[in-house]
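Atoms within a ligand are numbered from 1 in the order they appear, just like the ligands themselves. Counting begins at 1 with the first residue of the sequence.
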Amino acid sequence: MYCLVTKPWEIEAFTASHETKDYRESIFSQGNGYMGVRGYSPNGTKSNNAERTTFISGFFEYIRPGITDMVNQPDFSSSRILINGIDINEMRISDYKQVLNMRNGALLWSYTVTDTEGRRTKVKMTRFLSMANKHTAAIRFEITPENHDGDITIETGIDANVINLPIADNQLSDNIDFVTMWGRAKACSNGIQGGIVAETGISKRVTAMEYYIYIPEAYEAAAEADKKRRYAGSIIRLSGKQGNSYIIDKLISVATYRDGSDPKNIARMQLESCIETGFDGMLAESSKAWERIWELSDVEVDADGELQGAIRYNILQLIQSDPCDDPHASIGARGLMHGRYKGCYFWDTEIFMLPMFLSTNPEAAKNLLLYRYHTLEDAVKSARSFSLSGARYPWMASDTGFEQCETWDTGCCEIHITADITYAISRYIEQTGDKEFLRDYAAEIYIQTARYWAHRFTYDVKNDCYNLLFVKGPDEYCGVTVNNFYTVKMALHNLALALDSVQIMEKEFPKEWEGLKARTQYRPEEAKLWRDITEKAVTYYDEQRELWLQDSLFESLEPIDITAYKDDDVPLYHKISYDRLQRYQVLKQADVLMYMALFPKEFTRNQLLAAWNYYEPKTLHDSTLSFGIHAMLAARLNITDKAWSYFLKSLFLDLKNVMKNTQKEGIHTAALGASWQALIYGFAGVWADSQGISCNPNLPKEIRKMKFKIHYQKALYEVKVEQGRKPNIILLSI
Ligand code: BGC
């Protein structure tokens, strides 16, 4: 399956083999945060119509009452190339090369096709989704008949004949039930220009796409629009001469109901600007925008092999998935690259991905958090539906704050997400110093979520303590348990944030505080209860072993030797039933260690080591979120061999298909973020909070030096870390 070469700024593949097709389509996924496409070839794909995906951030539709799926959008790449009337997909392919240019996100296919009569034609295609104008994209076809004069035909257009494949979120079953999301579609074309306006079946959500074809040669063009098939396209014919290259550019614009009341008009205006700028101009503008992004986001390493390229690939895919300036959408567990988990947002965003944005683009981090503010009202309603007060954020979220998880134990009990969100908000405020965010948004979220926790803990009158019952921690192999350490500690942090924010609001923002009190109907006795819980909530600590225990049941689970069961990185739930795993003393992913990773100053070295030595050997890493966090902790603890091997698994998770599911599931966005954290928080040893930025490197021998930028309290710094030298934090601008 591994068929890639990772260079410092390029990912290349040299095979068009069928076995690697889905895998390459995942790896070469492209996006600009507004929209994303899997890396399938514009020139037809053998993929089924549910794998030929184009997703738009925040665009969901109902598939059953209350449950949404991220909508597979009309396919703007849709094309077919024929030489002398023969589809090039039917010809022999040689010299195949596919290159993703990570400097500007452009993807190139280059190969030669030969028909049965020995007529050779060189085919090149380049596609990019503009980072400068996110509503636009472009594809260039370059056809060169090498040893013959031949008729070149390009059929190209926009195809709304795509379907969705809502995949169950229980990780075990593959779904085979396709869903058609699109209802009415209007298509039109005039030969070199055309468009489609499609409307989803239930909520009537509209997408408008337009295209324009530019050909510098004499050609014939015919329109092809078919309302029934939901397709608008053109057929272009040229007489090709041996040795000449023929360039055909397709310029594309996209707008949806999320962009305004008249998406068609927006798409049309965007297309006009594309026509004015042309393919080369659009690519130059997009490359400039990428250049600015890389100036702030790049992590330069001096290391051998594929490391530099893999680091950039992780960063690139995070950026491609981030809606960036849109405060009403977040990043799904597979970004815009795959429909797994119905495109939903998890704690993956706040805990795993957000740190990179916080350091490289604080405005983007702010918008990810604003998405949660905008779904607060739904989270309040959602708490009510669980017979609780306050705000309960969903384990899986889409365009609302209502629960999308349909697996009952996870959906009902994996409640740490609410406190994960408030933790992320507090990290944002500490690192940026953005007090207005606290005043305008965070204080309200803190109060409503603290209220939820106060109601969710159960008071034990006999022992005068508070228990968190019926709960599932990040280690999803722990059954439904009592007082999960991670969840209790995160909830207490959430309560402490609410208590602090009440004081800050009272003191620093008295006018706004009056408004907030009235809006939330806050009562001072609530704070008393919150404080009481922070003092009396139950967690389990073994003094002798200096060990924090995961929950009340962990030590009564059946111990097993995991090496007897697991000899590769494929999740064990494929071999042992999910249900059985709940009763073994094994972890799916970091749990106590996860909390320790988030609060590096809270524990002694002995406590960290005790937890590492106890939990790490019991951890299966059946979630892609696990490797990077273990790498980061191992680096902080100076366990260098483990730090390095976990880091490589996280960094190359998709590039080397470590878990053997990239072809089927797309890119794992949380792992991308965890790799960044392992690198910056682990190896470079950086930490930024209200007390300042610190840098205590734990550089592995494989990295000779590294350099990157970090935003802290409205200033921009450059951090340089080198073997055998003191780290350097340089102020670049304020
Ligand atoms: C993990 C969760 C994660 C989800 C989405 C699950 O396998 O256990 O922690 O949030 O995948 O990535």
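Every atom of ligand 1 with a heavy atom of Tyr341 under 4.0 Å away is listed here by number and element: 5 (C), 6 (C), 7 (O), 11 (O). Against a heavy-atom cut-off of under 4.0 Å, Trp347 is close to the following atoms of ligand 1: 2 (C), 3 (C), 9 (O), 10 (O). Atoms of ligand 1 found under 4.0 Å from any heavy atom of Ala333 (numbered from 1 in listed order, with element): 5 (C), 12 (O). Close approach of ligand 1 to Asp348 is summarised as follows: ligand atoms under 4.0 Å from at least one heavy atom of the residue are 3 (C), 5 (C), 10 (O), 12 (O).
In this structure, Ser321 and Ile331 approach most closely via the heavy-atom pair CB-CG2, 3.7 Å.
Ligand 1 has no N or O atom lying under 3.5 Å from any N or O atom of Trp395, backbone or side chain.
The residue from His668, Lys588, Arg334 that puts a heavy atom closest to atom 6 (C) of ligand 1 is Lys588. Nearest to atom 1 (C) of ligand 1 by heavy atom, out of Arg340, Gln589, Met396, is Gln589.
At a heavy-atom distance under 4.0 Å, no atom of Phe352 approaches ligand 1. Contacts with ligand 1 closer than 4.0 Å are made by no heavy atom of Thr624, backbone or side chain.
Under the ring-ring contact (aromatic ring centres under 6.0 Å, His included) criterion, His338 pairs with no residue, sequence neighbours left out. Partners of Asp591 by side chain to side chain donor-acceptor pair (under 3.5 Å), not counting sequence neighbours, listed by chain and number: Asn484.
Remark: aromatic rings of Tyr615 and Phe554 are close, center separation under 6.0 Å.
Interatomic distance, CG of Leu336 versus CG of Asn32, reported as 8.5 Å (0.5 Å rounding).
For the side-chain contact (heavy atoms from CB on, under 4.5 Å) test with Glu61, the passing option among Asp399, Val179, Thr200 is Thr200; the others fail.
Remark: Arg392 engages Glu403 in a salt bridge, criterion side-chain N to carboxylate O under 4.0 Å.
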